[in-house]
Chemist: 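The structure's right below; bear with me while I get my questions together.
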Amino acid sequence: MSATEARSAPPPQHGAVGAQLARIDGPLKVKGAARFAAEVPFENLTYVALVYSTIARGRIAELDVEEASLAPGVVLVMTHRNAPRLSPPALFNSAPRAAGASDLPVMQDDQVHWNGEPVALVLAETQEQADHAASLVRVAYEPVPAAVDFELERSKAHPPKSILGEAAKIEVADAEAALKTAAVVVDEIYETPRHNHNAIELHAATVAWEADRLTVHDATQTLHGTRCTLAGIFGVDESQIRILSPFVGGGFGGKTLWNHQILAIAAARLAGRPVRIVLSREGVFRIVGGRTLTRQRVALGAREDGKLSALIHTGCAGMTAHNDCPEQFTFPARHLYAADAMLISQEVVDLNMAPNTFMRAPGESVGTFALESAIDELAHAMELDPIELRARIEPDKDPTTGRPYSSRHIVEAYRRGAERFGWDQRNKTPGSRRVGEWLVGMGVATATYPYYRMPGGAARIRVSGDGHATVQMGSHEMGMGTATAQTQVTADRLGLPLDKVTFEYGDSDLPSGTIAGGSSQSASIIAAVNAAAEALTVELIQLAGNESHLAGLAPADVEARDGGLCRKDARDRWDSYTAILSRAGRSEAIGEADAPEPSEVDAWSMHSYGAQFCEARVSTVTGEVRISRFLGSFDTGRILNPRTAASQFRGGIVMGIGLALDEETLFDGRTGRIMNRSLASYHVPVCLDAPKIEVMWTDIPDPHSPMGVRGIGEIGITGVGAAVANAVFNATGRRIRSLPITLDKLL
Ligand code: MOS
């Protein structure tokens with residue numbers, strides 16, 4: 001433990017945080033009793049099928065819906081001609097809470113912007129009738145040349161306004177000059193392809209208008225963002241809209257506001273009936289954007305002792321002119337290594353495609369592939385162990401912001417991981433270990449992801465006369481364990497056993513939640529719950545009255561224990577919630593408050609870290625890569641629940657193995673159409689692709705985040721691409737710089 005951490009002791013432990021609690025929503029899901037967005041029953045429900053454009057850019061010249069309108073069961077055919085007039089969605093980052101994936105108007109004119117854009121919607125009494133009628137819609141287009149070929153368009157790359165609010169270009173001294181005079185140089189191009197979102201639960205919503213009140217049962221990771229953005233699109237007040245989303249079958253960044261909810265709501269208004277929309281798997285590929293493609297240069301110049309004289313990470317990513325997701329692949333290099341000179345810059349290339357979006361560690365997942373491959377290349381060139389090289393370029397403060405790190409134990413994560421994995425068994429000479437037809441190798445890479453906490457969160461806590469606490473916040477459970485971990489947090493914060501705490505979430509009528517994105521939700525919720533608990537404490541001290549041990553105390557003077565509050569300086573002076581409420585003649589006490597602004601990130605460089613260890617086997621006969629062992633050793637702040645955390649880490653690593661070996665959206669460079677738009681032809685890892693995965697963590701609380709947590713939803717995928725590529729190099733001597741590492745690249 002460093003001096004910094006010793007000075008700021010972790011908050012008192014009551015036992016729930018850190019326990020291996022099973023998911024509280026698990027039994028509901030196993031029994032099929034958890035109701036997802038597409039399962040909410042409604043009287044008089046209608047069903048949607050969408051017709052998708054087959055050109056990437058141009059206009060709709062003819063649109064014949066007559067046959068479709070007359071088909072059995074059809075209630076309505078909606079096109080740009082009869083759709084209600086809608087304002088364009090407010091784009092993510094354009095305003096607080098704006099959550100539009102794109103600011104393109106939805107079905108408002110005859111213009112087509114990407115291959116797959118919805119051009120007609122059919123509403124029918126059953127899904128089958130809607131699907132059939134949609135096949136009868138006839139569309140003719142007048143295409144115009146579209147920007148669909150990344151290679152061709154790359155010459156027009158331009159800097160984005162910002163990279164999620166950060167500068168697109170950062171320079172420290174003259175890195176190109178330093179590179180020229182470096183003793184050892186690695187200077188390579190790395191490429192990563194498009195990926196599409198494939199959560200198990202398809203994107204879906206069940207929506208209904210009652211007069212001018214709108215209810216949306218959605219699969220979303222941004223309840224209040226969706227409510228705010230829909231209010232703008234439909235010209236109604238936010239108070240008229242309620243979004244419910246208690247269960248989401250996987251989000252990964254893709255479950256936000258897309259065309260389908262907007263179209264379903266518009267159709268419900270036109271038809272005057274409730275509407276259900278469930279995108280087909282093809283529909284998700286057509287209208288929900290994914291991870292975009294990147295072309296990255298990493299150049300490293302080293303001195304004889306391994307220290308970096310130059311670090312360059314530049315390149316470009318595909319984007320559209322209507323969204324703001326530049327795939328921040330240069331983020332890791334901004335904070336990870338010490339170098340005398342740095343050049344970090346990224347640009348975007350405008351393409352006609354579905355607006356790309358966040359997908360588990362957007363930027364960091366593919367950025368670490370390039371950066372951490374290059375570090376491995378440098379280590380090989382210098383005949384240094386790659387872990388030793390990283391230790392030599394460990395910075396003592398953030399290299400681009402100059403801020404001190406809030407908590408960074410990356411060297412420790414490497415040391416522990418190496419010991420557990422048996423890194424000393426690695427043969428330093430590539431291609432030298434063979435078992436039968438298999439070449440076997442080990443690789444390692446750094447995982448890293450920033451700490452974020454989103455502004456605008458609020459929570460309410462009600463404690464009832466029987467001493468039960470209900471915490472309310474419009475937060476999200478997408479399968480990652482939020483409801484479980486936050487029940488543990490609240491139990492400890494209020495000094496209650498787990499069965500005396502209920503965490504209510506998934507409803508926009510609750511106090512404002514923040515987006516479940518950027519691995520920020522845990523810290524964002526804890527900050528709001530802490531604020532609400534403090535407000536509750538004020539209320540309870542007042543209710544406790546002059547007879548109480550608590551009389552006259554400030555919230556800072558008391559702490560919660562055993563179903564009540566006690567003096568911090570005399571813990572036996574205690575008063576229970578039930579006694580306080582009973583004496584006051586009250587049925588409940590309520591504390592509600594906004595979370596404080598996330599100012600901690602202005603003072604500290606706050607990031608999580610990990611060391612990813614991979615053992616890969618490559619067939620000398622087929623070129624096929626199998627991952628035989630994997631270990632992730634993480635430094636991610638305090639772990640709230642080892643069971644749900646391990647699942648998050650493992651899930652991230654499995655997704656990273658998919659990024660390394662399988663996932664690739666095949667895009668027709670002539671038409672801009674996604675060709676492999678199903679799980680039959682878009683490959684993700686299956687059980688046989690996932691080896692034994694071990695995970696471990698330092699569990700060192702971050703002294704500057706709420707309860708010491710830093711969020712763990714995304715870091716698991718980072719570094720995996722490079723760890724696999726580095727293992728493949730160690731196995732075969734072949735350096736693969738373009739993902740995925742398919743067998744054709746190794747033959
Ligand atoms: Mo995450 S890609 O911010 O859901």
Side-chain angles (χ1 to χ4, degrees), residues 91-93 97-101 163-166 192 194-201 203 218-226 245 248-258 284 288-292 294 317 319 323-329 331-332 354-368 447-457 475-482 506 513-525 598 607-608 636 644 647-649 651-656 658-659 663 684 709-721:
L91 190 59
F92 255 120
N93 295 333
R97 294 216 183 290
I163 309 278
L164 303 184
E166 294 202 19
T192 64
R194 288 184 175 80
H195 295 153
N196 270 82
H197 276 291
N198 276 292
I200 289 178
E201 180 200 27
H203 287 62
D218 196 10
T220 184
Q221 53 197 95
T222 174
L223 286 160
H224 290 89
T226 298
S245 191
V248 181
F252 308 105
K255 291 272 173 66
T256 53
L257 183 62
W258 297 92
V284 179
V288 176
R291 196 190 302 286
T292 193
T294 73
M319 204 170 82
N323 69 310
D324 191 16
C325 269
E327 200 74 35
Q328 59 273 27
F329 59 79
F331 273 18
N356 59 292
T357 193
F358 312 113
M359 186 164 168
R360 206 173 202 166
E364 287 82 4
S365 55
V366 291
T368 51
T448 185
Y449 193 80
Y451 162 86
Y452 294 111
R453 182 163 72 80
M454 299 299 169
S475 312
H476 312 85
E477 172 60 87
M478 311 188 286
M480 63 286 214
T482 303
T514 57
I515 187 171
S519 299
S520 65
Q521 195 182 227
S522 293
S524 303
I525 296 176
H607 301 266
S608 277
T636 51
T644 53
S647 173
Q648 282 286 73
F649 290 135
I653 290 168
V654 172
M655 203 162 166
L659 168 142
E663 289 201 50
V684 296
V709 308
R710 278 201 304 263
I712 54 168
E714 287 161 279
I715 189 165
I717 190 174
T718 69
V720 178

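All ligand and atom numbering here is 1-based and tracks the order in the structure.
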Chemist: Any side-chain heavy atom of F331 sitting closer than 4.5 Å to one from T448?
Modeler: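 In short, these two side chains do not touch, never coming nearer than 4.5 Å.
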
Chemist: Under a 4.0 Å heavy-atom cut-off, what residues line ligand 1?
Modeler: Q221, F252, G253, F358, M359, R360, P362, A516, G517, G518, E714

Chemist: According to side-chain hydrogen bond (donor to acceptor under 3.5 Å, both in side chains), who are the partners of H607, at least two apart in sequence or on a separate chain?
Modeler: S605

Chemist: Could you check, using the six-membered ring where one of them is a Trp, whether F358 and F92 have ring centers closer than 6.0 angstrom?
Modeler: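 Close enough - the centres of the two rings lie under 6.0 Å apart.
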
Chemist: R453: which residues meet the side-chain hydrogen bond (donor to acceptor under 3.5 Å, both in side chains) condition with it, sequence neighbours left out?
Modeler: E600

Chemist: Salt bridge (charged side-chain N to carboxylate O under 4.0 Å, His left out) with E327: which residues, sequence neighbours excluded?
Modeler: R291

Chemist: For T636 and R710, does a side-chain donor sit closer than 3.5 Å to a side-chain acceptor?
Modeler: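 No.
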
